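Worksheet: one structure, shown below.
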There are 2 protein chains.
Amino acid sequence: MGRWEPDARGRMIKAALDLFAERGFEQTTAGDIAESAGVTERTFFRHFADKREVLFDGSATLERTACEAIRSAPAGLPPLDAALAGMAAGGDLLQERREHAVRRSLIVAATPALKERELLKLASMTEATTEALRERGAPQRDAALAAHSAVTVFSVAFVHWVSTPDAPGFAACVAETAAALRALM
Amino acid sequence: MGRWEPDARGRMIKAALDLFAERGFEQTTAGDIAESAGVTERTFFRHFADKREVLFDGSATLERTACEAIRSAPAGLPPLDAALAGMAAGGDLLQERREHAVRRSLIVAATPALKERELLKLASMTEATTEALRERGAPQRDAALAAHSAVTVFSVAFVHWVSTPDAPGFAACVAETAAALRALM
DNA sequence: CCTGACGATGACAGTGACTGACATCAACAA
DNA sequence: TTGTTGATGTCAGTCACTGTCATCGTCAGG
């Protein structure tokens, strides 16, 4: 055990979520979050590259989970289907902490600066997905298009999943949304 | 005529592009840009909401152009095709200033903070496109999916158009990319 | 038990992005 | 002639973020 209370990182994440929900993102300083978590502002910036990142701690895990699912999908599966399997796997992760995901999404939706960061994370997921599809043999452009489409489905499905109180599983939302997309083409 | 040299805004945009290309975005302060354009830093922030915005002056026009094209598309055209027509119209705008578009895209691609802002602009274009498609009678989810798909095509086509020296027209890139997307489904 | 490397944190000064408030001054209208 | 307007300058202030050095439990080696 260290000299200080353990899990400073977790405390900062929780404090940030609470404060952002109460006063809003802009009205909360990094110092406020740090103080509320019992650390200094400097420590906050040692854990998070910037003030926004404190709300995106799980995004790397989400991306990794999705990519692993894609890599372990049957070799014969077409790129888009493989990518969608990845999105469904990522969705399972959110499903395990639905309440947190919903609360967080409300804050993000209310703050342009956070929306912007979320888009960057989605773009990162798109790039990672593209790479995973390339490893399966898809040509660059097909991989990019399938990845973009899958992430689109993920986003649209997420909005539906969040706004539906008694939601079916996230995977079901993905399947439904994917079907609608195919119908449009 | 005012008390000062005219077109302060245009001078700042040009100065920013030059300085970002020379030293990079982070190594250039807002004060540097202002000084180089012969104004004060305060004036810079009166014209641009933040340092990034100076590189996104044309995005509102691009969005408006695309939406107008969608609204004036034949009523019977399916949502995706109408949206793609909008993207092609937007592409024509870039085509008129290809050199500027390419130079700018290099800077944006090299700077995560600018990439992030670009994603926000694309998201805005997606939302506007969704709304335009809804006005044509498309249900919400179909409109959102078609808009996302069209903007995806726009992005992928743009990368190809930029990286191809003797490019065919932007509209041709859009058509080609759209065909590839349809083939994936 | 002593000791030195290690790792997480605190303390503090500094830069730069951005904002609010007020002053200035050419152009233009009454 | 005078009052208004609009774009700008000036200046002080907050806050995001960084570099640097000091601190002090922990743990391995002696």
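So that the names make sense, note that chain A is the first sequence line, chain B the second, and so on, each numbered from 1. Just so you know, these numbers come straight off a predicted model, no measurement behind them.
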Exercise. Residues of residues 15-24 of chain A with any non-hydrogen atom less than 4.0 angstrom from an atom of DNA chain D: list those, numerically ordered, please.
Key: none
[Y] side chain reached by [X] side chain, heavy atoms, under 4.5 Å:
| X | Y | answer |
| --- | --- | --- |
| A:T129 | A:M87 | yes |
| A:L19 | A:Q27 | no |
| A:D57 | A:R9 | yes |

Between [atom2] of [N] and [atom1] of [X], the distance in whole Å:
| X | N | atom1 | atom2 | result |
| --- | --- | --- | --- | --- |
| B:M12 | D:dA7 | CE | P | 12 Å |
| A:R52 | D:dC15 | CZ | C1' | 14 Å |
| B:E26 | D:dT18 | CD | C1' | 13 Å |
| B:E5 | C:dC25 | CD | P | 18 Å |
| A:K51 | C:dA17 | NZ | P | 17 Å |
| B:H47 | D:dA7 | NE2 | P | 8 Å |
| B:D7 | D:dA7 | CG | C1' | 14 Å |
| B:E53 | C:dT19 | CD | P | 12 Å |

Exercise. Dump the intermediate steps for salt bridge (charged side-chain N to carboxylate O under 4.0 Å, His left out) on A:E5 and A:R11, then the final yes or no.
Key: CA-CA 10 Å; A:E5 290 299 306; A:R11 270 170 10 241; 5.6 Å; no
For nucleotides 1-6 of chain D, give me every protein contact, N/O to N/O, under 3.5 Å, one pair per line with atom names.
none

Practice problem: Run through the side-chain heavy atoms of Ile, Leu, Val, Met, Phe, Trp and Tyr, join any pair under 4.5 Å, and report what else lands in B:I70's cluster. | Solution: B:L133
Quiz item: Under the 4.5 Å side-chain heavy-atom rule for ILVMFWY, direct or indirect, which residues accompany B:L77?
Solution: none
Quiz item: Is there any salt bridge (charged side-chain N to carboxylate O under 4.0 Å, His left out) pair reaching into residues 158-176 of chain A, and which pairs are they, with sequence neighbours excluded?
Solution: A:E176-B:R141
Using residues 177-185 of chain A as the side-chain source, report each donor-acceptor pair under 3.5 Å to any protein atom, sequence neighbours left out, with the distance given to one decimal.
residue	atom	partner	partner atom	Å
A:T177	OG1	A:C173	O	2.7
A:R182	NH2	A:D81	OD1	3.2
A:R182	NH2	A:D81	OD2	3.4

Of all of [range], which get a heavy atom below 4.0 angstrom from DNA chain C, listed by number?
| range | result |
| --- | --- |
| residues 29-38 of chain B | B:T29, B:A30 |
| residues 106-118 of chain A | none |
| residues 39-46 of chain B | B:E41, B:R42, B:F45, B:R46 |

Exercise. Among residues two or more places apart or on two chains, list those pairs meeting ring-ring contact (aromatic ring centres under 6.0 Å, His included) that have a residue in residues 165-185 of chain B.
Key: B:F154-B:F170, B:W161-B:F170
Quiz item: Pairs in or reaching into residues 47-74 of chain A: which pass ring-ring contact (aromatic ring centres under 6.0 Å, His included), with residues at least two apart or in two chains?
Solution: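 Those involving residues 47-74 of chain A are A:F44-A:F48.
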Exercise. Could you tell me whether B:R23 atom CZ has more than 12 heavy atoms of other residues or ligands within 6.0 Å of it?
Key: yes
Practice problem: Verify the neighbour count for atom NZ of A:K14: are there more than 12 heavy atoms of other residues, nucleotides or ligands below 6.0 Å? | Solution: no
Quiz item: Between A:K121 (side chain) and A:A60 (backbone), is there a donor-acceptor pair under 3.5 Å?
Solution: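 Side chain of A:K121 to backbone of A:A60: no pair is present.
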Quiz item: Is a side-chain donor or acceptor of A:T43 paired with a backbone partner of A:V39 at a separation under 3.5 angstrom?
Solution: no
Quiz prompt | Contact list for residues 109-120 of chain A, test side chain to side chain donor-acceptor pair (under 3.5 Å), sequence neighbours left out | solution =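 As it turns out, the side chain to side chain donor-acceptor pair (under 3.5 Å) pairs with a partner in residues 109-120 of chain A, which skip direct neighbours, are A:D50-A:R117, A:E53-A:R117, A:R104-A:E118, A:E116-B:R52, A:E116-B:R117, A:R117-B:E116.
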Exercise. Would you kindly confirm whether A:L119 and A:L94 end up in one hydrophobic cluster when ILVMFWY residues are joined by side chain heavy atoms under 4.5 Å apart?
Key: no
